[in-house]
Asker: 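After the structure tokens below, expect a handful of questions from me.
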Amino acid sequence: MRHVTQWLRSTHSLVPNKTKRSRSVCEAFGLWGLHIIPTQTWTTVRSVRWTPPRAGQWKLNVDGASQGNPGSSGGGGILRDSIGCILFAFSNFYNIQTNIVAEAMAIRDGLFLCEEQNITNIVLESDSKVLVDMLRADSCPHWRLKNIWADIMRCRGRITTITHQFREGNQTADALAAHGVRSRRRTVFSFWQDMPLEARGAHRLERLGIPSLRIHRTPLPASPRQWRIAWRRSGVVTIGR
């Protein structure tokens, strides 16, 4: 996708003037003799909400943020009980990191805080499917995470369950991570009144069980007849809309 985008930008000056007045991308490419198959998309909408842990357990929601990937990054997390009360929340700044490194550092920092307070029976929840799968498999194929992974594995025994959550159900941790990038400092919050305003609002909504809407668009393949016709021609381009 990156190479195609660069190619389109580099050839923008070669586009005929009449192409710029085309009503759609399909018409613009048609003037170049490229046959285009418009790809339909299937949109699904589902409600996503934060769910509290069972009695006797603690749920640790974490998230990482990176502006630029790599870029200025931060992480945040929040630990709550079965009725949604906060034990602690944190917001840290990680300098220049990638998204996955910031997410791993947020998990490590959250577990370190749990270790300091001798908390066990932790349900770890993250919106990074990659890291969740790595933790479930107890395997770290990413060399950049070697040292961070060693710290996480040292606290691995405190975790009873590892779950993946969509970003829409992880908004408090997301707001804390964004605050870490903006504030450029490390902060631990003991009360919800001390948290940033956007994190307080997200926590209230999650504790009340109010869902958020997740919109997902899946491309649908063209019909077999359309593909047969297209592949008989040269220069086939598929564009989603």
Side-chain angles (χ1 to χ4, degrees), residues 43-65 74-92 99-100 102-138 152 155-180 187-218:
T43 303
T44 58
V45 180
R46 59 180 297 183
S47 62
V48 179
R49 71 181 70 199
W50 178 82
T51 56
R54 294 181 297 180
Q57 290 184 328
W58 302 87
K59 176 170 279 192
L60 176 63
N61 286 84
V62 295
D63 193 20
I78 182 170
L79 185 72
R80 289 170 282 196
D81 61 11
S82 58
I83 59 175
C85 293
I86 299 175
L87 184 61
F88 67 76
F90 67 93
S91 176
N92 296 337
N99 282 332
I100 191 167
E103 188 89 27
M105 294 177 74
I107 293 175
R108 179 196 61 185
D109 292 348
L111 292 176
F112 278 179
L113 289 173
C114 292
E115 185 180 44
E116 290 177 5
Q117 303 188 32
N118 196 26
I119 298 171
T120 56
N121 295 329
I122 299 171
V123 177
L124 178 63
E125 192 167 79
S126 169
D127 57 14
S128 174
K129 188 67 166 58
V130 174
L131 279 176
V132 168
D133 292 340
M134 289 166 57
L135 285 168
R136 287 174 175 171
D138 288 332
I152 294 175
C155 303
R156 180 66 173 82
R158 299 180 179 274
I159 304 173
T160 57
T161 309
I162 302 171
T163 60
H164 172 257
Q165 175 62 281
F166 293 115
R167 182 179 180 183
E168 291 79 3
N170 200 36
Q171 294 190 14
T172 305
D174 181 73
L176 289 167
H179 178 74
T187 312
V188 178
F189 310 97
S190 300
F191 304 97
W192 75 271
Q193 296 92 336
D194 300 331
M195 293 194 305
L197 183 62
E198 58 273 17
R200 276 184 278 165
H203 165 66
R204 283 183 174 182
L205 295 176
E206 289 177 351
R207 187 177 181 184
L208 291 173
I210 298 176
S212 300
L213 295 180
R214 173 177 173 80
I215 302 175
H216 181 66
R217 293 180 174 88
T218 305

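We count residues from 1, following the sequence as given.
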Asker: Taking atom types as modelled, is there a side-chain donor on Asn92 or Asp109 under 3.5 Å from an acceptor on the other?
Answerer: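 Result is yes, a qualifying pair exists.
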Asker: Kindly compute the distance separating CG (Asp63) from CD (Gln165), expressed to the nearest 0.5 Å.
Answerer: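 Atom-to-atom, Asp63:CG and Gln165:CD are 11.0 Å apart.
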Asker: Are side-chain N/O atoms of Ser82 and Gln57 paired as donor and acceptor at under 3.5 Å?
Answerer: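 No.
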Asker: Can you find a pair of side-chain heavy atoms, one from Arg207 and one from His203, that are under 4.5 Å apart?
Answerer: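 Yes; the side chains approach each other to less than 4.5 Å.
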Asker: Report, as yes or no, whether the 6.0 Å neighbourhood of atom CZ on Arg167 holds more than 12 heavy atoms from other residues, nucleotides or ligands.
Answerer: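 Count not over threshold, so no.
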Asker: Does NZ or CZ of Arg158 come closer than 6.0 Å to the centre of the six-membered ring of Trp58, within 45° of the ring's axis?
Answerer: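 Not satisfied by the 6.0 Å and 45° rule.
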Asker: Got a second to check how far Phe88's CZ is from Ile119's CD1, nearest 0.5 Å?
Answerer: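 The CZ atom of Phe88 sits 5.5 Å away from the CD1 atom of Ile119.
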Asker: I want to check something: taking the side chain as every heavy atom from C-beta on, are Leu213 and Glu168 in contact at a cut-off of under 4.5 Å?
Answerer: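 Counting from C-beta outward, Leu213 and Glu168 never come under 4.5 Å.
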Asker: Indicate whether any N or O donor in one side chain lies under 3.5 Å from an N or O acceptor in the other, for Glu206 and Thr172.
Answerer: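 Thr172 and Glu206 do have a side-chain donor-acceptor pair below 3.5 Å.
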Asker: Would you compute the distance between atom SG of Cys114 and atom CD1 of Ile122 and round it to the nearest 0.5 angstrom?
Answerer: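 One finds 3.5 Å between SG of Cys114 and CD1 of Ile122.
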Asker: Do the side chains of Leu79 and Phe90 get nearer than 4.5 Å, heavy atoms only?
Answerer: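 Answer no - side chains too far apart.
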Asker: To the nearest 0.5 Å, what is the distance between OG1 on Thr161 and CD1 on Ile159?
Answerer: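 Atom-to-atom, Thr161:OG1 and Ile159:CD1 are 9.5 Å apart.
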Asker: Pick out which of Arg46, Gln171, Arg49 makes a side chain to side chain donor-acceptor pair (under 3.5 Å) with Ser212.
Answerer: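 Looking at Arg46, Gln171, Arg49, the match for Ser212 under the side chain to side chain donor-acceptor pair (under 3.5 Å) is Gln171.
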Asker: I'd like to know if Lys59 pairs up with Glu125 as an ion pair, taking the criterion as any Lys NZ or Arg NE/NH1/NH2 lying under 4.0 Å from an Asp or Glu carboxylate oxygen.
Answerer: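 So Lys59 pairs with Glu125 through a salt bridge.
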Asker: His164 vs Phe166 aromatic rings, parallel, tilted or perpendicular, using cut-offs 30° and 60°?
Answerer: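 Plane angle over 60°, so perpendicular.
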Asker: Do Ile78 and Leu176 come close enough that some side-chain heavy atom pair is under 4.5 Å?
Answerer: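 The answer is yes, as the side chains (C-beta and beyond) meet within the 4.5 Å cut-off.
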Asker: If you compare all heavy atoms of Gly74 against all heavy atoms of Ala102, which two are closest, and at what distance to 0.1 Å?
Answerer: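 Shortest heavy-atom separation between Gly74 and Ala102 comes out as O-CB, 3.9 Å.
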Asker: How far apart are the C-alpha atoms of Arg156 and Asp138, what are their side-chain angles, what is the distance that settles it, and do they pass the salt bridge (charged side-chain N to carboxylate O under 4.0 Å, His left out) test?
Answerer: CA-CA 9 Å; Arg156 180 66 173 82; Asp138 288 332; 3.4 Å; yes
Asker: Can you confirm whether Leu111 sits close enough to Leu60 that some side-chain heavy atom of one is under 4.5 Å from a side-chain heavy atom of the other?
Answerer: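 They are in contact (side-chain heavy atoms under 4.5 Å apart), so the answer is yes.
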Asker: Check whether any side-chain heavy atom of Arg80 lies under 4.5 Å from a side-chain heavy atom of Leu87, and answer yes or no.
Answerer: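 Counting from C-beta outward, Arg80 and Leu87 never come under 4.5 Å.
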Asker: Can you measure from CZ (Arg54) to CG (Asp81) and round to the nearest 0.5 angstrom?
Answerer: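 Those atoms lie 15.0 Å apart.
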Asker: Given side chains that start at C-beta, do those of Val132 and Thr163 come closer than 4.5 Å, heavy atoms only?
Answerer: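 Sidechains of Thr163 and Val132: no contact.
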Asker: Are any side-chain N or O atoms of Ser91 and backbone N or O atoms of Gly76, one a donor and one an acceptor, separated by less than 3.5 Å?
Answerer: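 No.
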Asker: What distance separates Thr120 OG1 from Glu115 CD, expressed to the nearest 0.5 Å?
Answerer: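 Reported to 0.5 Å precision, the distance equals 12.0 Å.
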Asker: Using distance alone, with no hydrogens and no angle criterion, decide if Asn170 and Trp50 have a side-chain donor and acceptor under 3.5 Å apart.
Answerer: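 No donor-acceptor contact under 3.5 Å links the two side chains.
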Asker: Below 4.5 Å, heavy atoms only, C-beta onward: do Leu135 and Ile107 meet side chain to side chain?
Answerer: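 Yes - at least one pair of side-chain heavy atoms lies under 4.5 Å apart.
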Asker: Mark yes or no for whether Arg214, through its side chain, and Val48, through its backbone, hold a donor-acceptor pair below 3.5 Å.
Answerer: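 No, Arg214 side chain to Val48 backbone: no donor-acceptor pair under 3.5 Å.
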